[in-house]
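Take a look at the structure set out below.
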Protein chains: 4
Amino acid sequence: MARTTDGSGTTPVPRRLLAAATRLFAEQGYDRTSVQEIVEAAGVTKGALYHYFGSKEDLLHEVYARVLRLQQERLDAFADADAPVERRLRDAAADVVVTTIENLDDASIFFRSMHHLSPEKNKQVRAERRRYHERFRALVEEGQRSGVFSTATPADLVVDYHFGSVHHLSTWYRPNGPLGPREVADHLADLLLRALRP
Amino acid sequence: MARTTDGSGTTPVPRRLLAAATRLFAEQGYDRTSVQEIVEAAGVTKGALYHYFGSKEDLLHEVYARVLRLQQERLDAFADADAPVERRLRDAAADVVVTTIENLDDASIFFRSMHHLSPEKNKQVRAERRRYHERFRALVEEGQRSGVFSTATPADLVVDYHFGSVHHLSTWYRPNGPLGPREVADHLADLLLRALRP
Amino acid sequence: MARTTDGSGTTPVPRRLLAAATRLFAEQGYDRTSVQEIVEAAGVTKGALYHYFGSKEDLLHEVYARVLRLQQERLDAFADADAPVERRLRDAAADVVVTTIENLDDASIFFRSMHHLSPEKNKQVRAERRRYHERFRALVEEGQRSGVFSTATPADLVVDYHFGSVHHLSTWYRPNGPLGPREVADHLADLLLRALRP
Amino acid sequence: MARTTDGSGTTPVPRRLLAAATRLFAEQGYDRTSVQEIVEAAGVTKGALYHYFGSKEDLLHEVYARVLRLQQERLDAFADADAPVERRLRDAAADVVVTTIENLDDASIFFRSMHHLSPEKNKQVRAERRRYHERFRALVEEGQRSGVFSTATPADLVVDYHFGSVHHLSTWYRPNGPLGPREVADHLADLLLRALRP
DNA sequence: AATGAATGAGAGTTCATTCAT
DNA sequence: AATGAATGAACTCTCATTCAT
């Protein structure tokens with residue numbers, strides 16, 4: 001009886017809905033995905049969806065919340081490590097690339113559909129996002145203060161520079177392309193660190 | 001009689017429609033903008049829109065075509081200039097930042113709504129986009145061959161790194177923020193060039 | 001342990017449900033009140049409601065049954081009293097005004113939602129209603145036969161005239177208006193009796 | 001080609017929709033009538049309805065507006081007539097009964113569905129309603145001042161008394177009952193005038 | 001006695017597009 | 001060149017009710 005497909009089986013209904021929504025939002029965009037499509041992909045009825053989620057938007061918000069939590073945890077772990085700052089920044093910069101590639105669906109949604117959230121939820125997500133951004137910036141500033149990074153560019157801009165390339169991954173990265181996640185991550189972290197050389 | 005408002009006056013109807021659509025697509029996204037809103041903003045009726053454009057999607061495509069044409073022209077000019085390659089790359093890299101900031105609406109649309117185009121049109125836009133990308137990459141490769149740029153990172157990845165930050169601009173750049181277009185452009189071009197130091 | 005709030009406590013569950021339903025039906029109308037709202041207001045779950053009541057409509061019918069029983073009892077008491085007919089009619093006419101004002105919620109429901117009952121239940125309520133109407137009419141006819149009331153108007157119409165104004169109370173009467181229930185009742189009974197003067 | 005049925009023909013679409021809505025709202029109530037039913041009865045599609053009316057509620061509001069206008073016009077005509085006040089009040093009181101009976105559908109809707117209007121629209125309708133009420137009250141007060149009507153009851157209450165019976169008509173009046181509109185009107189006006197005798 | 005997950009039908013509304021004029 | 005009435009399909013969301021536990 002225990003199956004692992006999305007359509008039905010033992011996976012809890014909310015989990016199935018979230019998985020189906022994630023895939024469809026990434027493939028087609030939030031607006032182009034109908035609630036009907038989601039419930040069909042999850043093998044339940046509309047009523048079930050609205051039993052667990054208040055609205056279609058809530059579903060989107062849940063996708064975000066999950067990604068944000070995951071990324072923040074990983075960044076915290078790397079930033080708190082016992083190593084020189086250039087090592088910690090490099091690891092964090094590379095890790096966000098790897099996890100982004102490994103969750104390209106979530107990433108696409110994140111960077112393409114955030115503006116579909118209501119002002120209220122948008123604010124909430126932006127706040128959590130900012131926390132993440134600032135943790136990263138703190139690493140850059142730490143290196144700048146200790147002289148291992150150049151101070152030519154404001155730390156803020158450096159962070160935006162790097163995250164721009166991370167967001168961009170979902171546009172060009174293809175799983176069966178010439179470079180694997182680790183290789184891309186190393187290259188992008190490399191570019192960041194090289195740009196920061198004094 | 002000659003007025004300059006969008007609502008009516010001497011500006012040709014197709015131009016008015018395009019301007020209204022650009023603004024609305026940028027503000028609300030393609031899917032969330034109704035044809036009704038566009039024609040109201042342009043001060044015409046639906047019939048007029050469908051007289052000049054085959055569909056709502058055509059309107060989006062026209063927005064793209066205009067941006068692409070503009071950017072390609074500017075890139076060609078900078079790349080063909082008579083100057084050292086590091087100068088030409090720097091100028092091109094900075095210019096795309098400035099023109100992106102000066103047309104943030106178009107940029108938002110570009111990076112958020114491309115997937116709303118039909119496969120056919122999407123292909124066409126991607127082809128033109130690739131041409132642009134390759135011209136840029138050629139500059140990087142030229143510098144790598146001549147030894148002024150490091151060969152540590154594949155040129156393709158370098159270009160994606162930079163354009164990631166350009167796309168990202170519409171997410172964080174605010175006209176009344178601390179940095180003007182030119183300053184941001186200098187910083188971002190700087191980061192690129194520094195990352196390419198051998 | 002003995003609490004008096006609606007939300008929970010010692011009040012029996014069916015009673016709590018009925019009270020919540022009465023208030024909500026009066027405030028929002030029958031159709032606009034969801035079963036979910038009722039059970040939340042009563043502090044129970046849907047299962048409990050459907051344990052005690054067969055359907056949402058049953059709840060409405062119970063509200064009616066309670067009001068009808070109460071009004072019939074009071075009318076019978078006044079009509080059976082040992083007093084001249086003009087006194088008995090006057091007291092009955094005034095009393096129905098007072099009790100209507102004191103239970104404006106029930107009254108609103110009564111006059112606005114009767115048509116929401118199924119034909120079957122509607123018939124039942126109409127039958128009990130008719131019994132009430134006829135008891136009242138009998139008083140008018142008694143007075144007409146004995147010559148204390150004018151026979152210019154058919155007794156039926158007289159009763160409808162008076163009950164029209166009673167139904168109407170829920171439209172205009174406000175508890176903190178200039179007139180109290182007793183004063184309104186006296187005035188309306190007065191108008192009825194004056195209209196019946198030979 | 002020129003047919004007069006509701007389903008289609010030369011009657012303008014908005015008129016057809018209004019007529020269908022009026023009938024259905026009266027028969028089933030506002031909440032129990034679906035937009036689908038209305039457009040089917042009018043022989044058009046939903047799109048057509050929303051082309052002319054902003055919402056289902058707008059349709060209801062239009063029904064009200066039409067009735068209010070009609071009634072106000074008639075009351076003004078009777079009140080402004082050149083006749084003794086008791087004659088003018090009598091005529092106005094009887095006329096509102098006749099026109100109510102002749103438009104029982106509108107009347108049912110009016111007195112049963114007003115609370116379905118949004119607070120905003122409700123306010124508007126109440127304001128127009130009050131204007132009507134006050135015109136009527138002015139007649140009563142005029143008679144009270146000149147001594148032809150008793151001052152025992154406040155004029156406000158007298159008006160509510162009469163209109164209660166008018167509203168009530170849609171509850172009990174049946175076209176094929178023993179009394180015609182004119183007869184009922186005479187009786188009810190009679191009761192009012194008799195109640196007002198000094 | 002009571003839960004609450006799940007159903008499934010139907011609600012009001014929006015919208016890109018067409019077409020007679 | 002331009003109108004605007006009308007279409008028809010799709011949209012998100014609500015709800016009374018059922019049933020295994």
Side-chain angles (χ1 to χ4, degrees), chain A residues 8 12-14 16-17 30-39 42-60, chain B residues 12-14 17 30-40 42-60 116, chain C residues 12-14 17 30-40 42-60 116, chain D residues 8 12-14 16-17 30-39 42-60:
Chain A
S8 67
V13 168
R16 290 218 306 271
L17 284 164
Y30 177 76
D31 276 330
R32 313 284 255 229
T33 302
S34 73
V35 168
Q36 190 59 46
E37 283 177 288
I38 298 170
V39 298
V44 299
T45 60
K46 282 190 204 172
L49 188 153
Y50 282 94
H51 182 70
Y52 291 106
F53 300 92
S55 65
K56 185 184 169 188
E57 204 202 319
D58 267 17
L59 218 37
L60 179 58
Chain B
V13 169
L17 283 165
Y30 177 76
D31 279 326
R32 308 226 159 167
T33 302
S34 73
V35 168
Q36 190 59 43
E37 282 177 288
I38 298 170
V39 299
E40 273 169 21
V44 301
T45 60
K46 285 190 193 172
L49 187 151
Y50 280 95
H51 182 72
Y52 292 109
F53 299 91
S55 66
K56 185 184 170 189
E57 204 201 318
D58 270 15
L59 222 35
L60 179 59
H116 291 331
Chain C
V13 169
L17 283 165
Y30 177 77
D31 278 327
R32 308 224 159 170
T33 301
S34 72
V35 168
Q36 189 60 43
E37 283 177 289
I38 298 170
V39 298
E40 273 169 22
V44 300
T45 60
K46 286 190 192 172
L49 187 152
Y50 281 94
H51 182 72
Y52 292 109
F53 299 92
S55 65
K56 186 184 168 188
E57 206 200 317
D58 269 15
L59 222 35
L60 179 59
H116 292 330
Chain D
S8 69
V13 169
R16 290 219 305 271
L17 283 164
Y30 177 77
D31 277 329
R32 312 286 255 229
T33 302
S34 73
V35 168
Q36 190 60 45
E37 283 177 289
I38 297 170
V39 298
V44 299
T45 59
K46 282 189 196 173
L49 187 154
Y50 282 94
H51 182 69
Y52 292 106
F53 300 92
S55 65
K56 185 184 170 189
E57 203 202 320
D58 267 17
L59 219 36
L60 179 58

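So that the names make sense, note that chain A is the first sequence line, chain B the second, and so on, each numbered from 1. Please read all numbers here as calculations on a predicted model, not as lab measurements.
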Quiz item: Where each pair must be Watson-Crick or G-U wobble with both distances under 3.5 Å, what dot-bracket representation of DNA chain F is obtained, with crossing pairs in [ ] and other-strand partners as |?
Solution: .||||||||||||||||||||
Quiz item: Taking CD from Glu40(C) and C1' from dT3(E), how many angstroms apart are they, rounded to a whole number?
Solution: 15 Å
Self-check item: With sequence neighbours excluded, residues passing side-chain contact (heavy atoms from CB on, under 4.5 Å) with Thr45(A)
Solution: Ala48(A)
Quiz item: Reckon His51(A) has a side-chain N or O less than 4.0 Å from the OP1 or OP2 of dA5(E)?
Solution: yes
Practice problem: Can you run down the salt bridge (charged side-chain N to carboxylate O under 4.0 Å, His left out) pairs that involve residues 43-57 of chain D, sequence neighbours left out, and say none if there aren't any? | Solution: none
Quiz item: What is the distance from CZ of Phe53(B) to P of dA2(F), rounded to the nearest Å?
Solution: 12 Å
Self-check item: Atom-pair distance (CD1 on Ile38(D); C1' on dG10(E)), nearest Å
Solution: 15 Å
Quiz item: Between Pro14(C) and Phe53(C), which heavy-atom pair has the shortest distance, and what is it?
Solution: O-CZ, 4.1 Å
Quiz item: Under the 3.5 angstrom rule, does the side chain of Arg32(B) hit a backbone N or O of Asp31(A) as a donor-acceptor pair?
Solution: no
Exercise. Quick one, give me the B/S/- string for nucleotides 15-21 of chain E, reading 5' to 3', where B means a protein heavy atom under 4.0 Å from the base and S means that only happens at the primed atoms, P, OP1 or OP2.
Key: BBBB---
Self-check item: Tyr52(D) OH - dG4(F) P separation (whole Å)
Solution: 11 Å
Quiz prompt | Minimum-distance pair of heavy atoms, taken over all atoms of Glu37(C) and Thr33(C) | solution = OE1-CA, 3.5 Å
Quiz item: What residues form a side-chain contact (heavy atoms from CB on, under 4.5 Å) with Tyr50(D), not counting sequence neighbours?
Solution: Val35(D)
Quiz prompt | Ala48(B), nearest nucleotide to its side chain (from dA2(E), dT7(F), dA2(F)) | solution = dA2(F)
Exercise. Please name the pair of heavy atoms, one in Ile38(D) and one in Leu49(D), separated by the smallest distance, quoted to 0.1 Å.
Key: CG2-CD1, 4.2 Å
